[in-house]
Enquirer: 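A single structure is presented below for examination.
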Amino acid sequence: MSEFYSEKDLQREITELQGKSATAARLFDIRRIIGGLFVVYGVIVTIAGFTASDADIDKAEGVNINLWTGLGMLALGLFFLVWLKLRPAAPVPPAVEPEGDERVE
């Protein structure tokens with residue numbers, strides 16, 4: 001089956017697969033997942049903090065723990081997302097083959 005492919009076809013296919021692999025690595029970067037989850041949970045907990053009753057605040061000895069925890073989670077999630085934006089994952093450098101080493105069959 002490999003006799004039907006030329007060397008250029010194989011190089012092109014390898015380059016395409018490396019590009020897809022780099023895209024998948026950037027898409028599933030752990031900072032994106034952690035940051036997104038912390039932002040979502042932070043919004044939920046912050047809303048719970050804004051709607052806390054006086055009884056809930058008295059249980060926590062006068063501290064609106066949901067509000068402060070939610071704001072902390074939002075800050076941490078935004079930190080991860082900003083970090084991802086400022087320092088994106090470096091793409092894998094393509095393998096360079098020497099040009100003078102061509103085989104003729």
Side-chain angles (χ1 to χ4, degrees):
M1 184 121 194
S2 64
E3 60 200 26
F4 297 113
Y5 291 108
S6 70
E7 204 50 46
K8 286 185 180 184
D9 291 337
L10 287 175
Q11 271 308 105
R12 185 172 28 89
E13 190 171 338
I14 289 171
T15 304
E16 288 174 5
L17 288 174
Q18 285 176 341
K20 288 179 183 178
S21 175
T23 300
R26 282 191 302 272
L27 181 64
F28 294 111
D29 190 354
I30 193 74
R31 296 174 292 180
R32 181 183 314 267
I33 296 168
I34 291 174
L37 284 175
F38 267 100
V39 167
V40 168
Y41 292 149
V43 167
I44 293 169
V45 175
T46 302
I47 290 172
F50 281 131
T51 60
S53 66
D54 290 335
D56 292 334
I57 295 174
D58 289 339
K59 265 195 233 181
E61 297 182 9
V63 176
N64 192 345
I65 195 73
N66 284 338
L67 179 64
W68 289 108
T69 303
L71 291 175
M73 291 173 80
L74 273 171
L76 183 64
L78 290 174
F79 167 75
F80 272 98
L81 294 176
V82 167
W83 180 23
L84 176 69
K85 193 71 167 172
L86 293 177
R87 291 206 176 234
V92 179
V96 178
E97 294 183 16
E99 293 179 16
D101 191 25
E102 293 182 15
R103 294 182 186 173
V104 179
E105 293 182 27

Enquirer: With side chain to side chain contact (heavy atoms under 4.5 Å, CB included) as the test, would you mind laying out the steps for N66 and T46 before giving the verdict?
Expert: CA-CA 6 Å; N66 284 338; T46 302; over 6 Å; no

Enquirer: By the side chain to side chain donor-acceptor pair (under 3.5 Å) test, which pairs, at least two apart or in different chains, include something from residues 52-63?
Expert: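 Sorted result for residues 52-63: S53-D56.
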
Enquirer: With sequence neighbours left out, write down each residue that passes ring pair (Phe, Tyr, Trp, His ring centres under 6.0 Å) with F38, or none if nothing qualifies.
Expert: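 For F38 there are no ring pair (Phe, Tyr, Trp, His ring centres under 6.0 Å) partners, ignoring immediate neighbours.
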
Enquirer: Taking the side chain as everything from C-beta on, heavy atoms only, tell me whether R31 gets closer than 4.5 Å to L81.
Expert: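 Heavy-atom side-chain distance check fails, nothing below 4.5 Å.
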
Enquirer: When hydrophobic residues are tied together by side-chain contacts of less than 4.5 Å, even through go-betweens, does L86 share a cluster with I30?
Expert: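 Each belongs to a different hydrophobic cluster.
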
Enquirer: Can you spot which of I33, I34, V39 makes a side-chain contact (heavy atoms from CB on, under 4.5 Å) with L37?
Expert: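 Exactly one pass, corresponding to I33.
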
Enquirer: Going by side chain to side chain donor-acceptor pair (under 3.5 Å), name the residues that satisfy it together with T51, two or more places apart in sequence or in a different chain.
Expert: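 With sequence neighbours excluded, T51 shows a side chain to side chain donor-acceptor pair (under 3.5 Å) to no residue whatsoever.
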
Enquirer: Taking ILVMFWY side chains as joined if any heavy atoms are under 4.5 angstrom apart, and letting links pass through other members, which residues group with I57?
Expert: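 None, because no other hydrophobic side chain comes under 4.5 Å of this residue.
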
Enquirer: Which residues satisfy the side chain to side chain donor-acceptor pair (under 3.5 Å) test with N64, sequence neighbours excluded?
Expert: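 None.
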
Enquirer: So how far is it from L74 CG to F79 CZ, rounded to the nearest 0.5 Å?
Expert: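 If we round to the nearest 0.5 Å, L74:CG and F79:CZ are 15.0 Å apart.
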
Enquirer: Going by the rule side chain to side chain contact (heavy atoms under 4.5 Å, CB included), which residues pair with I47 if we only count those two or more places apart in sequence or in a different chain?
Expert: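 Counting only residues at least two positions away or on another chain, I47 forms a side chain to side chain contact (heavy atoms under 4.5 Å, CB included) with V43.
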
Enquirer: Out of curiosity, does M73 fall in the hydrophobic cluster containing W83 (side-chain heavy atoms, cut-off under 4.5 Å, transitive links)?
Expert: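 Yes; tracing contacts between hydrophobic side chains, which count when under 4.5 Å, links both residues.
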
